[in-house]
Amino acid sequence: MAVSRGEVYENPRCRERVVIRTPAEETGGQRTIMDVYVQPGGAVSGAHVHPLSEERFTLVRGRVAFWVDGREVVLDRPGQTILIPAGAKHRWWNAGGDESRHVCELIGRADRFEKLVLRQLFGLAQDGKTTPEGMPHLLQQAVTTLEFEDVLRFTSPAWPVQRVLFGVLAPIARLLGYQGCNPEYMERKPSEIAELEPLPDEVAAWHL
Ligand SMILES: [Fe+2]
């Protein structure tokens with residue numbers, strides 16, 4: 001089931017609510033633009049890379065911190081933006097005391113990103129099948145990581161170690177019924193359909 005404009009996807013573990021502005025389906029699978037609302041204390045589930053996608057984040061309100069390849073950057077003024085190149089290690093978190101809102105634009109493999117992040121990882125978090133930080137448990141992580149290695153790789157342990165470890169664990173996980181891409185999550189309805197909040201001009205200028 002394709003992701004559509006206005007749909008809301010939520011990750012209770014990461015305290016994150018995503019509203020789709022432009023789905024991959026409208027861009028030939030190449031770009032997804034999302035409003036991301038994060039509660040205080042919320043954060044992406046772990047440091048990761050997108051091997052074939054770049055990601056642009058632009059602040060709308062609040063304060064959001066990024067760690068990118070060892071460097072920390074804080075966005076605290078509307079319209080401030082950061083581009084994460086393909087292959088750069090990164091993570092982010094709400095660094096303020098109020099709900100933050102930023103725009104995230106994922107460029108490249110966006111249709112696959114929607115399946116992995118908004119459906120598979122968020123679905124697991126909704127069902128309590130992750131760590132408190134939103135990371136899938138080991139056997140689940142083995143099959144999901146190998147299924148989506150072109151989209152997102154968590155950075156710990158090192159990728160060559162993950163390949164060996166998950167290569168050993170994945171057949172066991174499959175025997176036990178774990179699936180890298182659960183059909184149930186691919187069909188799960190969004191939590192609601194929302195009216196898109198307008199974007200300030202200084203934010204919209206980065207996401208035309
Ligand atoms: Fe990312």
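FYI, the numbering just counts along the sequence from 1. All ligand and atom numbering here is 1-based and tracks the order in the structure.
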Trainee: If I take every N, O or S atom of H90, is at least one of them less than 2.8 Å from the Fe ion (ligand 1)?
Mentor: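 Under 2.8 Å: H90 contacts the Fe ion (ligand 1) through an N, O or S atom.
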Trainee: Check R163 with E149, please: is the shortest side-chain N to carboxylate O separation under 4.0 Å?
Mentor: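 Salt bridge between E149 and R163, a charged N being under 4.0 Å from a carboxylate O: yes.
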Trainee: Run the salt-bridge test on E147 and K115 with the 4.0 Å N-O cut-off and return the result as yes or no.
Mentor: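 No.
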Trainee: I'd like the atom name of the N/O/S atom in E55 lying closest to the Fe ion (ligand 1).
Mentor: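 Output for this pair reads OE1.
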Trainee: Please say whether more than 12 non-hydrogen atoms of neighbouring residues, nucleotides or ligands are located less than 6.0 Å from CH2 in W206.
Mentor: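 No, because the 6.0 Å sphere around CH2 of W206 holds 12 heavy atoms or fewer from other groups.
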Trainee: Compute the angle centred on the Fe ion (ligand 1) spanning NE2 of H48 and NE2 of H50, and express it rounded to 10 degrees.
Mentor: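 The NE2/NE2 angle about the Fe ion (ligand 1) sits at 100°.
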Trainee: With a 4.0 Å cut-off on N to O distance, would you call R101 and E197 a salt bridge?
Mentor: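 Yes, R101 and E197 are salt-bridged.
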